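Letters go in sequence order (proteins before strands), and every chain restarts at 1. Worth knowing before you read on, the calculation uses all heavy atoms, side chains too, and leaves out hydrogens, waters and symmetry mates. Please read all numbers here as calculations on a predicted model, not as lab measurements.
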Protein chains: 2
Amino acid sequence: MKKPNPPFMTGVPELLVLRLLAEREMYGYEIVRAIRLSSRDAIVLAEGVVYPLLHALDAKGMLTAKERKVEGRNRVYYRLSAKGHKRLDDLIGEWGRVQEGVHSLLEDPSRGSI
Amino acid sequence: MKKPNPPFMTGVPELLVLRLLAEREMYGYEIVRAIRLSSRDAIVLAEGVVYPLLHALDAKGMLTAKERKVEGRNRVYYRLSAKGHKRLDDLIGEWGRVQEGVHSLLEDPSRGSI
DNA sequence: GTATATTACCTATAGCCAATAGGTAGTCAA
DNA sequence: TTGACTACCTATTGGCTATAGGTAATATAC
């Protein structure tokens, strides 16, 4: 088996999925496409990443699922719960803090050594 | 045992360590402090993260180690190799791409759904 | 008619990063 | 001599994510 590429980041898939669902209800396959398109292929989450994540978030009460039949196909539409909104806010805050931290280290790494 | 916090990101510790060592040679304990200070506590990597990372990077030829005795204490000073510089460039590029991808999704998640 | 591509869902396995929790040893101040 | 700080280290655990599959329906092409 080929050695898998290293994961580039943790927590971000969850952040992105929650953010998309904060805008409107979506189904898994749609989320996979939206992340790929909206990030211009910078972030590509396979279905094997998104579906288990959705199930985990659902199990934690972060979102609600509703199955619907559209054009002969079953779709599971997800929607953010209040808990999911809270979680999203936390992740956005953490992302911002980390991003700033990385930025300051990349730009001026000597600041920490004074 | 307390449930450990989830990792907030992968590849970033490596990025930060390489970036610091690109500026000047440093030793492990100093790196731990520099990351904490320069990021204003946004990113705190314990010694148990940094030391194994340094050893792994050393084993991969990303950096060179030189032991030195300073004020009665042993310090292992690390320096970036050419390979390490290359790796740093790659990680900086990837960080930029991912950061932009996350940014566009956070700001305008509907772009991907047209 | 039957391949192929696309949509849409799913699970199992494996790898690796990082977080925790320890440990050793030297220096210095109270 | 106790505590605080410096400076190094390892073992274990856990969780995220990547891969690699699988099912089934629709639409298109040949």
**Asked** Nearest-Å distance, CG (A:Leu15) to C1' (D:dC16)?
**Response** 15 Å

**Asked** Any idea which of D:dC8, C:dC9, C:dG26 is nearest the B:Glu47 side chain?
**Response** D:dC8

**Asked** When you measure from the side chain of B:Arg73, which nucleotide among C:dC10, C:dT27, C:dA8 comes out closest?
**Response** C:dT27

**Request:** Please report, rounded to the nearest Å, how far the P atom of C:dT6 is from the OH atom of A:Tyr27.
**Result:** 15 Å

**Message:** I need the CD1-C1' distance between B:Ile31 and D:dT6, as an integer number of Å.
**Reply:** 15 Å

**Message:** Quick check on C:dT11: is either OP1 or OP2 less than 4.0 Å from any side-chain nitrogen or oxygen of A:Tyr51?
**Reply:** no

**Message:** I need the OH-P distance between B:Tyr29 and C:dG26, as an integer number of Å.
**Reply:** 17 Å

**Message:** Is there a side-chain contact between B:Arg33 and the phosphate of D:dT6, meaning an N or O under 4.0 Å from OP1 or OP2?
**Reply:** yes

**Asked** How long is the line joining CZ of A:Arg68 and P of C:dT7, in whole Å?
**Response** 19 Å

**Asked** Within the pair B:His55 and D:dT10, is there a side-chain N or O less than 4.0 Å away from OP1 or OP2?
**Response** yes

**Message:** In whole Å, I'd like the distance from the OH atom of B:Tyr78 to the P atom of D:dA7.
**Reply:** 14 Å

**Message:** Expressed as a whole number of angstroms, how long is the span from B:Met26:CE to D:dA7:C1'?
**Reply:** 14 Å

**Message:** Rounded to whole Å, how long is the line connecting atom CD of B:Glu67 with atom P of D:dA7?
**Reply:** 13 Å

**Prompt:** What are the two closest heavy atoms between A:Leu20 and A:Ala34, and how far apart are they?
**Reply:** CD1-CB, 4.0 Å

**5'-most by nearest nucleotide on DNA chain D - B:Glu71 or A:Glu14** = B:Glu71

**Asked** Do NZ/NE/NH1/NH2 and the carboxylate oxygens of A:Lys60 and A:Glu14 come within less than 4.0 Å?
**Response** no

**Message:** What's the closest nucleotide to the side chain of B:Arg75 if the choices are C:dT11, C:dA18, D:dA7?
**Reply:** D:dA7

**Asked** Relative to the 5' end of DNA chain D, which residue comes earlier, A:Gly72 or B:Val70, by the nucleotide with the nearest heavy atom?
**Response** B:Val70

**Asked** So, does B:Arg97 use its side chain to make a donor-acceptor pair with the main chain of A:Ala42 at under 3.5 Å?
**Response** no

**Point-to-point distance, once rounded to the nearest 0.5 Å, from NE2 of B:His103 to CG of B:Asp108** = 10.0 Å

**Message:** Let me spell it out: for each of B:Leu53 and B:Gly48, pick the nucleotide of DNA chain C with the closest heavy atom. Which residue's pick is nearer the 5' end?
**Reply:** B:Leu53

**Residue B:Ala46, side-chain heavy atoms: nucleotide from C:dT20, D:dC5, C:dT11 that is nearest** = C:dT20

